[in-house]
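Numbered from 1 within each chain, the chains take letters A, B, ... in sequence-line order.
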Amino acid sequence: MVNIDVENLGKFSLEESSSIFNLISSKNKELARKAIIAELTFKDGAKKFADMNFVISSDLKIKLLLPDDEKSIDTLNHSTSHVMAIAIKNIYPEAKFAIGPSIKDGFYYDFEIDKTISPGDLKPIEDEMKKIISSNYPFERKEVTKDEAREIFKGNPYKLELINDIKDEKVITYKTGNFIDLCSGPHIISTGRIAAFKLLSIAGAYWRGDEKNKMLIRIYGTSFFKKEDLKDYLDKIERAKLSDHRKIGKDLELFSFHDEAPGFPFWHPKGMIIRNLILDYWRKIHIESGYQEIQTPIILSNELWHTSGHWDHYKENMYFVKIDENDYAVKPMNCPGAILVYKSRQHSYKEFPIRYAELGLVHRHEKSGVLHGLFRVRNFTQDDAHIFALEENLGTEITAIINMIGKMYEVFGFKSYHVELSTRPEDRIGSDEMWDRAEKKLEEAIKENNLEYKINPGDGAFYGPKIDFHIKDSLERTWQCATIQLDFAMPEKFDITYMGEDNLKHRPVMIHRVILGSVERFIGILIENYSGNLPLWIAPVQVAILPISDRFHSYSEKIYKVLKKEGYRAELDSRVESLNKKIRQAELNKIPLMVVIGEKEQESDTVTVRKKAGGDIKNISINEFLSVLKENIENRKTSL
RNA sequence: GCCGAUGUAGCUCAACUGGCAGAGCAACUCAUUCGUAAUGAGUAGGUUACCGGUUCAAUUCCGGUCAUCGGCUCCA
C-alpha cells in the first residue's frame, strides 16, 4: 500500500498500482483532464516531473501542473516537436533525427536529410502533423537498456552518440504511434492535447553547436493549448516587427546601409542628433565620475598588435593596411592606444586610479552572415574606458562601474537586463594563476553588488574575464552591451609600471569597460525599446508646428523662432495641406509633440499642444509650453 | 563562413505556365485655406541588384557574384 498526497485534492491510500491520470480521474474527472504533467516529490525529498501516465509505486506528493504553468507549456512544445518528427519521418523516411527540445515560445527539431528543405515543404509537414494530432496517439514511456536503445536507434549516429553520453545504464524512450524517440520526457498524455501549432522557419544548425560538425536542418515551430494563444503570439511577432530599428531607422532617416559598404553604417542628420545627445550625457556622467577623455588613432603599427597579443589571438577579425611599405592594422580595440598614452610618461601610485575614457571607433571583420542592422556592424564606436589601478582599488572601481551602468540604463528606460560572468577562453594569454585571481575578483564584485548572474564558461576576452550586461531587442533576442573586463595580462605584455610608495616599480592592473557597449548597438536597442517613439530629450524632432492655413504662417513662424531660440528641435509644416494630413505625417514621423496654430491661438497668443497618439489636447500660453518642455527635457524623462 | 529564402519606381507591393513592366503612397505642377491620423486633378519616375548562358524573345528558365532577411557558429 502506498500513500499519496495530491496538492489541493487530499491524501489517498492506494492498494493497487495506478497511473496518476487514473487516480486523479477517480476523484475529479475535470482536473485529470486539465492537468498536463505532475511534479512528484518522493519520500527522500527528490523531485521530478512526470507524465500523467506515470504509474505510482511508492509514497509520493503530487502537484498537478495545469496548462498555464510554464513547465506545462514547455512540455507541450517538446511533445509537438516529437509530432513534427513523426510527420517528417512519414514524409521523408530517410531522415535521421538529432535533438528536438522546447525553447522559449516554441520548439525545434534538428535532423539530417540529403535534400533541401524549403518553406514550401512546411505545409505538407503541418498537414501530416494535423493527422497525427487527430489520431490522438498516446506518448508511451519505456525504460530500456543502453544495448536495447542502440538496437532501436541503429543507423542513427546522432542518437547513438547521445546514448553513449548518458551516464545511467538505463535510458528512456517514448513511443508515439509507431515512432520511437530517445527522450527523458515528460510529455503530454497524447497528441490530441495540441490545440494549435505552427511551423515558423527553417534554418541550418551545426550538430552539437559545433562549426566543425555537419550542418543539420532545423525546423522551428510553436504550439499552444488554445487556438487564441497561437493567434495572439503571431500577432505579437507581427507587432514587434514594427519596432525593428532597421525599418524605423530608414523611415525616420536616422541612418542607412549601402551595398558599397556592407556592415558600415551611414549616420544621417537626425541619427546624429540622437548620437550626440547620448554622448553629451555620457561625457557629463564620465567627467562627474572622475574620467579623463582621450582619443587614440584608428591605424596603428602591426608591431603594436604583436605586442598586445591581437596578432596571435584576434587577427581573423582585423583589417590591415600598408603605409609606405610598412604594415599597419585598423584597430579592433582601443586598449593598446590607451596603454601608449599611459606609457608616455612615468606614473606614481598617488595618481591611481587613472581613468581614461575613449569614444573609440573600432573596425572588426565580421563574417558576412552575422551582420544585423546596427546590432552587428563592422565598424562601431565603443564608449570605452581603461582604468589603471592598484589591485586593492579593484573592488570599489568595479562597483562604481556597475552603479554607472545601472544609472545610465535607467535614464534610457532599460529596466530589465541580465548579467553574465564570462570566464577564461581556450585561446588566451596569461597564466592560470592570473585567470584564477581575475575571475575570483569579478565574481566577488558581482556578489557584493547583489546582481543575479549566470556563468558563461569560456567566453572571456583573450586577455581577461568579463562581466557582461545584456539587453533585449523587440523580438526578445538579447545583445551584449556593457562589459567590465579585468586584465592582468596586457600590463605585463606592455611592461607598464608605476612608482610605488616603496620607491620601487610595480605593475598596475587594468580594467577595460564599456557602458553603452557600442554606440551603434545601443541606439538600435534604444529605438526598438521605444518603437521609435523616443523620449522628448532624445527625439530628433521634438515639436511639429502645424498652422491650420497660411493665414497663420507669420504667427507660426514666431512660435518656431521662439522654440529654436530656446534650443528646442522644432519643425514648421508650412505646406498648404489639411490639418489632418499634417497631423498624420507628424504621427508617422513619431514627433512627440504637435503644436496646432489657428485663429484661436493667434488671437489669444497661445498654442494648442497635441501629444503624439492623440488625446490630452491643451491650449496653453507660450511660456507655459516652454516650461513644460524645459521640465521634461532637463530631467531626461522617459515619458511625456 | 555555413543552411534556407529574398532582391521590380524613394517606400509598400502587382505582373497566369517566357511575349512592349503596373498600382497605392511619397516627389513635382495646378486647384483647394481646411480645427486633431491621408482634399482633388494632373505630371514625371524603372538597364526588373550585378555578370554570363539558354531562347526569335528573359523580371520570368539556368549558372555565377553581391547584398539583404531568418537561423547556426562567432560577437560589442
Please work out which residues in [range] have a non-hydrogen atom less than 4.0 Å from an atom of RNA chain B and list them by number.
| range | answer |
| --- | --- |
| residues 406-414 of chain A | none |
| residues 571-586 of chain A | A:Val576, A:Glu577, A:Ser578, A:Leu579, A:Asn580, A:Lys581, A:Ile583, A:Arg584 |
| residues 473-481 of chain A | A:Arg477, A:Gln480, A:Cys481 |

From [options], nucleotide with atom closest to [X] side chain:
| X | options | answer |
| --- | --- | --- |
| A:Asp459 | B:U36, B:C75, B:A37 | B:C75 |
| A:Arg610 | B:C72, B:C75, B:U36 | B:U36 |
| A:Pro262 | B:U73, B:G35, B:U68 | B:U68 |
| A:His372 | B:U33, B:U36, B:G70 | B:G70 |

Any side-chain N or O of [X] below 4.0 angstrom from OP1/OP2 of [N]?
| X | N | result |
| --- | --- | --- |
| A:Lys611 | B:U36 | no |
| A:Arg376 | B:U68 | no |
| A:Arg521 | B:C75 | no |

Between the base of B:G1 and the side chain of A:Glu316, is there a donor and acceptor pair under 3.5 angstrom?
no
Using only modelled atom types and a 3.5 angstrom limit, is any donor from either the side chain of A:Glu366 or the base of B:A76 paired with an acceptor on the other?
yes
Go through the side-chain N and O atoms of [X] and [Y] and say whether any donor and acceptor fall under 3.5 Å apart.
| X | Y | value |
| --- | --- | --- |
| A:Ser243 | A:Ser474 | no |
| A:Asn334 | A:Gln382 | yes |
| A:Glu601 | A:Thr608 | yes |

Under a 3.5 Å cut-off on both pairing distances, which runs of 3 or more consecutive Watson-Crick or G-U pairs involve RNA chain B?
B:1-7 with B:66-72, B:10-13 with B:22-25, B:27-31 with B:39-43, B:49-53 with B:61-65
Taking 4.0 angstrom as the limit, do [X] and [Y] come out as a salt bridge?
| X | Y | answer |
| --- | --- | --- |
| A:Glu528 | A:Lys472 | no |
| A:Glu161 | A:Arg208 | yes |
| A:Lys582 | A:Glu571 | no |
| A:Glu624 | A:Lys618 | no |
| A:Asp235 | A:Arg239 | no |
| A:Glu126 | A:Lys123 | no |
| A:Asp605 | A:Lys558 | yes |
| A:Lys367 | A:Glu211 | yes |

Quick one: [X] [atom1] to [N] [atom2], roughly how many Å, whole number?
| X | N | atom1 | atom2 | answer |
| --- | --- | --- | --- | --- |
| A:Ile548 | B:C34 | CD1 | C1' | 8 Å |
| A:Gln602 | B:U33 | CD | C1' | 14 Å |
| A:His470 | B:A76 | NE2 | C1' | 10 Å |
| A:Ile525 | B:A76 | CD1 | C1' | 10 Å |
| A:Ile597 | B:G35 | CD1 | C1' | 12 Å |
| A:Asn589 | B:A26 | CG | P | 12 Å |
| A:Glu601 | B:U36 | CD | C1' | 11 Å |

Determine the Euclidean distance between corresponding [atom1] atoms of [M] and [N]; express it in Å to zero decimal places.
| N | M | atom1 | result |
| --- | --- | --- | --- |
| B:A15 | B:U68 | P | 26 Å |
| B:U29 | B:C62 | P | 45 Å |
| B:A57 | B:G19 | C1' | 7 Å |
| B:G63 | B:A58 | C1' | 14 Å |
| B:G18 | B:C61 | P | 8 Å |
| B:U60 | B:G7 | P | 11 Å |
| B:U59 | B:C16 | P | 13 Å |
| B:C25 | B:G45 | C1' | 14 Å |

Suppose we screen for ring-ring contact (aromatic ring centres under 6.0 Å, His included). Which residues come up paired with [X], at least two apart in sequence or across chains?
| X | result |
| --- | --- |
| A:His363 | none |
| A:Tyr560 | none |
| A:Phe107 | none |
| A:His386 | A:His512 |

Under 4.0 Å, counting only non-hydrogen atoms across every strand here, what does [X] touch: a base, just sugar-phosphate, or nothing?
| X | value |
| --- | --- |
| A:Arg364 | base |
| A:Lys466 | sugar-phosphate |
| A:Tyr220 | sugar-phosphate |
| A:Val377 | base |

Please table the atom pairs, donor to acceptor, closer than 3.5 Å between any side-chain atom in residues 257-268 of chain A and protein atoms at least two apart or in another chain.
{"residue": "A:His258", "atom": "NE2", "partner": "A:Ser256", "partner atom": "OG", "Å": "2.8"}
{"residue": "A:His268", "atom": "NE2", "partner": "A:Ser256", "partner atom": "OG", "Å": "2.7"}

Kindly assign one of parallel, tilted or perpendicular to the pair [X] and [Y], based on the angle between their ring planes and the thresholds 30° and 60°.
| X | Y | result |
| --- | --- | --- |
| A:Phe255 | A:His245 | tilted |
| A:His310 | A:Tyr314 | perpendicular |
| A:Phe412 | A:Phe522 | perpendicular |

Scoring nucleotides 2-8 of chain B by protein non-hydrogen atoms under 4.0 Å (B base, S sugar-phosphate only, - none) yields BBSS---
Review item, side-chain donor-acceptor pairs of residues 464-471 of chain A, under 3.5 Å, at least two apart:
{"residue": "A:Asp468", "atom": "OD1", "partner": "A:Gln480", "partner atom": "NE2", "Å": "3.3"}
{"residue": "A:Asp468", "atom": "OD1", "partner": "A:Thr483", "partner atom": "OG1", "Å": "2.9"}
{"residue": "A:Asp468", "atom": "OD2", "partner": "A:Ser422", "partner atom": "OG", "Å": "2.9"}

Which atoms of nucleotides 46-48 of chain B (N or O only) lie under 3.5 Å from a protein N or O atom, and what are those distances?
none

Along RNA chain B (nearest heavy atom to each residue), the more 5'-positioned of A:Asp550 and A:Arg218
A:Asp550
Verify whether the ring centers belonging to A:Tyr291 and A:Trp282 lie closer than 6.0 Å.
no
